[in-house]
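To start, the structure itself, in structure tokens.
Source: prediction; values computed, not measured. Order of the sequence lines fixes the chain letters, A, B, ..., with proteins taken first and strands second; residue numbering starts at 1 for each chain.
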Protein chains: 4
Amino acid sequence: MVRRGRHAGAWKNVVLTQDEQFALKRRALLRQAARAFSEKGYHDTSLTDVAKALGVTKSALYYYVDDKQEILFECHKLSHDFGDQAIEYAEKHGRNGREKISLLVRTYLELLTSELGACAVLLEFNALTPANRKIIGRRRDTFEHYFRKLVQTGIADGSLRKVDPKLTVFFFMGAVNWLTRWFDPSGEHSGEHIAKEFAGLLDAAIRSR
Amino acid sequence: MVRRGRHAGAWKNVVLTQDEQFALKRRALLRQAARAFSEKGYHDTSLTDVAKALGVTKSALYYYVDDKQEILFECHKLSHDFGDQAIEYAEKHGRNGREKISLLVRTYLELLTSELGACAVLLEFNALTPANRKIIGRRRDTFEHYFRKLVQTGIADGSLRKVDPKLTVFFFMGAVNWLTRWFDPSGEHSGEHIAKEFAGLLDAAIRSR
Amino acid sequence: MVRRGRHAGAWKNVVLTQDEQFALKRRALLRQAARAFSEKGYHDTSLTDVAKALGVTKSALYYYVDDKQEILFECHKLSHDFGDQAIEYAEKHGRNGREKISLLVRTYLELLTSELGACAVLLEFNALTPANRKIIGRRRDTFEHYFRKLVQTGIADGSLRKVDPKLTVFFFMGAVNWLTRWFDPSGEHSGEHIAKEFAGLLDAAIRSR
Amino acid sequence: MVRRGRHAGAWKNVVLTQDEQFALKRRALLRQAARAFSEKGYHDTSLTDVAKALGVTKSALYYYVDDKQEILFECHKLSHDFGDQAIEYAEKHGRNGREKISLLVRTYLELLTSELGACAVLLEFNALTPANRKIIGRRRDTFEHYFRKLVQTGIADGSLRKVDPKLTVFFFMGAVNWLTRWFDPSGEHSGEHIAKEFAGLLDAAIRSR
DNA sequence: AATGAATGAGGGTTCATTCAT
DNA sequence: TATGAATGAACCCTCATTCAT
């Protein structure tokens, strides 16, 4: 669903424009849905539930979204945007494989936990439409491929011990995806804390002695 | 579903008794369902799918099972049986926290991958009925609690470095549950190989330097 | 929907009064809707479609019309106005049953094809509200009754052979209504051509030898 | 929806086999739906209506049919089967263009009216899926093309006067399709009577003087 | 021991309609 | 005059479940 253009309007800085309102509400919808998806899974989350949680009718959702599928797709895209950001950051500030991985992992986890829900749908890859699965699959492959490459780099530059890059990435991605099932923003551990701890565990797991 | 009594029947040692037949078929049903559940998720797996894969009608399944829910419940129980076995083994052969954890992890993963599907349903915890969720939840807590305890033991006996036991367990459990989404018995890596590799990664992550 | 009074306003001869504007736009709306109805049917034509074709929002339509039903009703009335005109013309210029029928048919078809869409809704009689169906039904009966009468007259005055008046009228009305599904104003055959051809076919079908 | 094979079973001649039962019920469903379609149109006929008329639940229909669309499609196919039969018959027994057309028209109408409902959906061509529309469209074109050809033949062999073949076919097809909106099997005129009368009208309309 | 047939609840989606602005 | 936003009814369809055979 794409929003049509709209003239800027006066009061620009005081009140929200209609477009901003729209975007805000849409964002809220995605967030709420994503939360439900990661709690109960895509298929077990009814739009009625989502709507009720937002205080509107099911039909109202369709003003902001074409499809239930679009919601899932959008969520996946969002979470991959985080991945891209994390990669960019790691690439810029890390000096060897090991450092880059640590930065990548930590940034990624911080972003994810900061806006959890909007992204915690990684588990629901199979619920994507074949067409969408292709798109998201490509991005996931890119991410994992980059991750693996980093492991290889680290091994090559001596900062990491000789682990299996593929299994290592799976190992870590599991931990991340699982996060979405138990992480509670208002819980005992802050997102930053978890990010740091997980990064530490992974680092210890693969660094060269 | 509990089986009613049935006279033992002659030919006992030659042919399978009816009860054995029943048990065999039921087991096959559970396995097949579990496989489907871990591939596509509980709610996206229809009983028709399962039945077709077994070569029978949907209705036939109800002879072996009361409910779709019962299947899921049973699968969860099975996978926890593996956990219990792994614990028992680790407890018997490990000499300190670190060793026990390694044994636990490795045994658990080997069991899981050997009969994947029967257990790959860990991801579908939320699809359980509240009542069943309570039961399985208790077993899960027991398992994780024991796991955490092991970490604490290891830290105490100096075999492990000072990590957060709770997060560590979550970290690892994520990797395990995720396994069910990508592991392919006929794929590149054998179950044993993965078990060993994962155990190695975890060990490196938490052992004292 | 009836328009409330409105003062005539100055500039009367220069600009369109508000009432004229209103009428113009309403007419455009009816025409556009009718076109869509005859192409896709009443129930498969959404007001959004109609609105989009007119360059406004769905809501805007409700300023000119009370109901979707009102549109259909109005269209039916329009098409019957054409029938009435054709009758009047035929009655004035035809000298016997056969001539009158030929004139009726030809005039009717020329009017219909000239403003096709505004009338091509004959097929959607069943989509009318019971109340409206009664009203339109009466007019339709009047038309068909007059038509049948003409056939009887023609038989009586010897200009037509002895055909079944009722079936003859049905026969021809079918051809007319079907027209709305294939006639293309910008197509191969002009409305006049079709009117002439169809009139010719009917005439040959029923004239006395 | 295709039915799987089934062994013949004893009592073959006494009781209906399951397959026959199935076919019978399916046929009834199609007939009932077709009746509703031609009365109210495809989009305004809800499966609930159809089911209620058959005394079952909406869901039950899905045991016999994959889709609402499949019903429509099947009806169209049925009616074209009648067209094919009529063509075959006309081709065999007619000796020139005029005779063949008369036979075609009469046979076709008799078949249609005998099982009206099962076929009276010609009007709902636009409600077909693009894919199905292609298939049915091809058959319709074939039929109309053959019909036109017959007109040309008749003109060539001198049995028909020089009419426009295309418009003539449209003219007649309109009458036929319209039939489905007013024909009542238990009404004043029998199917045979109508078939004969319509065939007579068309014949008079186009025969050479 | 298994099947065919049917049910009912629930889910996603569309759309005419309303109303405040 | 016209729009954005929301609603509720209706619809198609799926699926776990039941029951007679």
Find the distance [X]:[atom1] to [N]:[atom2] and express it as a whole number of Å.
| X | N | atom1 | atom2 | answer |
| --- | --- | --- | --- | --- |
| A/Leu72 | E/dG12 | CG | P | 12 Å |
| C/Tyr64 | F/dT3 | OH | C1' | 13 Å |
| A/Leu54 | F/dA5 | CG | C1' | 15 Å |
| A/Ile71 | E/dG11 | CD1 | C1' | 13 Å |
| B/Lys68 | F/dA16 | NZ | P | 4 Å |
| A/Asp49 | E/dG11 | CG | C1' | 10 Å |
| B/Lys52 | E/dG4 | NZ | P | 12 Å |
| B/Asp44 | F/dC13 | CG | P | 19 Å |

Short side-chain N/O contact to E/dA5 OP1/OP2 from D/Gln18, under 4.0 Å: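 No, because none of the side-chain N or O atoms of D/Gln18 sits under 4.0 Å from OP1 or OP2 of E/dA5.
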Could you check which of [options] has an atom nearest any side-chain atom of [X]?
| X | options | value |
| --- | --- | --- |
| D/Tyr62 | E/dT7, F/dA16, F/dC13 | F/dC13 |
| B/Ala60 | F/dT1, E/dT3, E/dG4 | E/dT3 |
| D/Tyr63 | F/dT3, E/dA5, F/dC13 | E/dA5 |
| D/Asp67 | E/dA6, F/dT3, F/dC13 | F/dC13 |
| C/Leu47 | E/dT17, E/dA5, F/dT3 | E/dT17 |
| C/Phe22 | F/dG4, F/dT1, E/dA5 | F/dT1 |
| C/Lys58 | E/dT17, F/dT3, F/dC13 | E/dT17 |
| D/Thr57 | E/dA2, E/dT7, E/dT3 | E/dT7 |
| A/Ser46 | F/dT1, E/dG4, E/dG12 | E/dG12 |

Sugar-phosphate, base or nothing in reach of D/Lys25, heavy atoms under 4.0 Å: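 Sugar-phosphate contact only - D/Lys25 comes under 4.0 Å of backbone atoms but never of a base.
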My understanding is that a pair needs two contacts under 3.5 Å, Watson-Crick or G-U wobble. By that rule, which nucleotide pairs with [N]?
| N | result |
| --- | --- |
| E/dC15 | F/dG8 |
| E/dT21 | F/dA2 |
| E/dA1 | none |

Sub-4.5 Å side-chain heavy-atom contact between D/Phe73 and D/Ile135: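 Counting from C-beta outward, D/Phe73 and D/Ile135 do come under 4.5 Å.
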Most 5' of A/Ser59 and B/Ser59 on DNA chain E, judged by nearest nucleotide: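 First, find each residue's nearest nucleotide; the 5'-ward one identifies B/Ser59.
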Residue mapping more 5' on DNA chain E - nearest nucleotide basis, D/Gln21 or A/His43: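 Its nucleotide being nearer the 5' end, the pick is D/Gln21.
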Check: B/Ala53 main-chain N/O paired with B/Gln32 side-chain donor or acceptor under 3.5 Å: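 A pair under 3.5 Å: no.
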Most 5' of B/Thr45 and C/Gly55 on DNA chain F, judged by nearest nucleotide: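 Closest to the 5' end, via its nearest nucleotide, is C/Gly55.
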Under-4.0 Å salt bridge between C/Glu70 and C/Arg26: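 A salt bridge links C/Glu70 with C/Arg26.
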Side-chain H-bond candidate by donor/acceptor type, B/Glu39 with A/Asn126, under 3.5 Å: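 No, A/Asn126 and B/Glu39 have no side-chain donor paired with an acceptor closer than 3.5 Å.
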Geometric cation-pi criterion, D/Lys68 with D/Tyr42: 6.0 Å, 45°: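 Pair D/Lys68/D/Tyr42 counts as cation-pi.
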Over 12 non-hydrogen atoms of neighbours within 6.0 angstrom of CZ in A/Arg27: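 Not more than 12 within 6.0 Å, no.
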